[in-house]
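What follows is a short report on a single structure.
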Amino acid sequence: MAETFVLVHGAWHGAWCWAAVINQLEKLGDRAYAVDLPGHGMNRADRSKVMLESYVNSVADFIERHDLRNVVLAGHSLGGLTIPGVAAKIPARIKRVVWVTALVAIDGQPIVDQATSPLAAAAETLAERSIPIEMMGKEFLDGLSNDMAPALRDYVLSAVGPQPIGPMIAAVPMAPYFATGIPSSYIVCEDDQTPVAGAPNWHPHFSSRLRNPTLKFVKSGHEVMFTHPLECARALHELARGE
């Protein structure tokens, strides 16, 4: 039986980043869609006005507009802030939620503290309140691309766009998601070296904030969609089937 996936990209990325994973999922007999969040890819929304609610509504609207059901909703990296809100908004359409080496917020708290974060302060001085990835610095970029060939790194860094600060400083409601009882999963990228402020690692630091998640492990860095699309697709496919 074919599974239905909706894939949510992370910061700076767009739906384009999922192309190879979608190709592999389709080879496994599944249907897969990726959504450009507002201000990313082909979605030309005003980045200065984009908030986390904008992200949530755009994905929920996509699922409803295409009348998708029994959806396995997966989010990569910052996409982990969007997917619980989508599931809480349209729970009858969601079968499982999968965090792909993604952020998991504490209920009611933002990932970036607007009052103390230099990143948030810098965003307020920039066009469209958005951060170019280059501002994250060498340590971040090296961690993000630790298992990429130079040509792939150059391609990804040339393709990404500015990241609106709004979704990063918004309080993330997790309790409504947990109340749905929808199963959670986490794909652990074992070689993820992307630094995150206040987090020593992605797993178990973030995965432990979920309730009884099923785990899949992939030998990959953070950008698993590019470096290991087949393994990422297989992990998603197996999680969808409860394997």
Side-chain angles (χ1 to χ4, degrees), residues 1-11 13-19 21-22 24-26 28-38 40-41 43 52-105 107 111 167 170 172-189 202 206-207 209-216 218 224-225 229 232-243:
M1 180 178 175
E3 302 290 345
T4 300
F5 293 89
V6 171
L7 308 174
V8 179
H9 62 79
H13 291 55
W16 54 271
C17 75
W18 290 108
V21 174
I22 289 173
Q24 293 299 327
L25 286 169
E26 289 175 347
L28 291 168
D30 298 323
R31 295 190 302 163
Y33 307 86
V35 182
D36 274 322
L37 297 175
H40 298 265
N43 188 319
L52 181 58
E53 185 179 12
S54 315
Y55 283 2
V56 169
N57 289 340
S58 69
V59 179
D61 289 348
F62 177 91
I63 292 171
E64 292 185 317
R65 189 167 66 250
H66 291 81
D67 195 25
L68 304 179
R69 300 179 184 275
N70 294 316
V71 170
V72 178
L73 180 64
H76 173 252
S77 197
L78 191 74
L81 307 187
T82 299
I83 52 180
V86 176
K89 188 177 181 69
I90 51 170
R93 293 181 180 268
I94 307 300
K95 174 181 178 178
R96 178 177 293 276
V97 182
V98 184
W99 279 256
V100 182
T101 196
L103 301 170
V104 181
D107 182 51
I111 286 295
V172 183
M174 292 296 295
Y177 167 69
F178 290 133
T180 68
I182 296 171
S184 302
S185 299
Y186 199 99
I187 294 180
V188 179
C189 291
W202 291 76
F206 290 119
S207 55
R209 294 178 177 178
L210 299 172
R211 296 180 181 174
N212 302 313
T214 52
L215 303 178
K216 286 286 181 181
V218 177
V224 63
M225 310 87 61
C232 183
R234 282 178 175 166
L236 288 167
H237 179 80
E238 291 169 3
L239 288 168
R241 293 170 175 254
E243 298 175 3

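We number each residue from 1, following the sequence as shown.
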Is any side-chain heavy atom of [Y] closer than 4.5 Å to one of [X]?
X      : Y      : answer
Glu3   : Lys95  : yes
His9   : Trp18  : yes
Asp107 : Val172 : no
Thr101 : Phe206 : no
Glu26  : Leu28  : no
Val100 : Val224 : yes
Trp202 : Leu103 : yes
Leu73  : Leu7   : no

inquiry  = Check whether Phe178 forms a cation-pi arrangement with Arg211 (NZ or CZ under 6.0 Å from the six-membered ring centre, at most 45° off the ring normal).
reply    =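 Yes, cation above the ring, under 6.0 Å and within 45°.
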Report task. Determine, stepwise, if the pair Arg96 / Ser185 fulfils side chain to side chain donor-acceptor pair (under 3.5 Å). Result -> CA-CA 8 Å; Arg96 178 177 293 276; Ser185 299; 2.8 Å; yes
| Under 3.5 Å, side chain of Tyr177 to main-chain N/O of Ile182, donor-acceptor pair present? |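 A pair under 3.5 Å: yes.
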- Short question: side chain of Tyr33, backbone of His66 - any donor-acceptor pair under 3.5 Å?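 No: the side chain of Tyr33 does not pair with the backbone of His66.
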*asked:* Please determine whether side-chain contact (heavy atoms from CB on, under 4.5 Å) holds for the pair Trp99 and Ile187, giving the CA-CA distance in whole Å, both sets of side-chain angles, and the decisive distance to 0.1 Å.
replied: CA-CA 6 Å; Trp99 279 256; Ile187 294 180; over 6 Å; no
*asked:* Check this for me: does any side-chain nitrogen of one of Asp67 and Arg65 sit under 4.0 Å from a carboxylate oxygen of the other?
replied: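 A salt bridge is absent here (no side-chain N lies under 4.0 Å from a carboxylate O).
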Fill in: salt_bridge(Glu238, Lys216) N-O dist < 4.0 Å
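Yes, charged N to carboxylate O under 4.0 Å.
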Can you name the closest pair of heavy atoms from [X] and [Y] and give their distance?
X      : Y      : answer
Ser207 : Pro213 : O-CG, 3.9 Å
Ala240 : Val72  : CB-CG2, 3.6 Å
Ala233 : Gln24  : CB-CB, 3.5 Å
Asn43  : Asp36  : ND2-O, 3.5 Å
Val8   : Gly79  : CG1-CA, 4.1 Å
Leu78  : Ala11  : CB-N, 3.5 Å

*Does CZ belonging to Arg234 count more than 12 external heavy atoms closer than 6.0 Å?*
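Open.
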- Query: Can you list every side chain to side chain donor-acceptor pair (under 3.5 Å) pair that touches residues 74-88, not counting sequence neighbours?
  - Reply: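 Every side chain to side chain donor-acceptor pair (under 3.5 Å) pair that includes a residue of residues 74-88, provided the two are not neighbours, is Ser77-His222.
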Inter-residue atom distance [X].[atom1] - [Y].[atom2], 0.5 Å rounding:
X      : Y      : atom1 : atom2 : value
Leu37  : Asn57  : CG    : CG    : 11.5 Å
Leu239 : Ser184 : CG    : OG    : 11.0 Å
Cys189 : Met225 : SG    : CE    : 9.0 Å

Practice prompt. Not counting sequence neighbours, which residues clear side-chain hydrogen bond (donor to acceptor under 3.5 Å, both in side chains) with Ser54? List them please.
Written response: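 Ser54 satisfies side-chain hydrogen bond (donor to acceptor under 3.5 Å, both in side chains) with no other residue.
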>> Tell me if the aromatic rings of Tyr55 and His40 count as close, with their centers under 6.0 Å from one another.
In response: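 Yes, close enough.
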Could you tell me how the ring of Trp16 sits relative to the ring of His13: parallel (under 30°), tilted (30 to 60°) or perpendicular (over 60°)?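 Parallel.
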* To do: Scan Leu236, Thr4, Leu25 and name whichever one has a side chain to side chain contact (heavy atoms under 4.5 Å, CB included) with Asp30.
  =>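 Testing Asp30 for a side chain to side chain contact (heavy atoms under 4.5 Å, CB included) against Leu236, Thr4, Leu25 leaves exactly one candidate, Leu25.
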After noting the C-alpha distance and the side-chain angles of Ile63 and Val86, does the key distance pass the side-chain contact (heavy atoms from CB on, under 4.5 Å) rule? CA-CA 9 Å; Ile63 292 171; Val86 176; 4.1 Å; yes
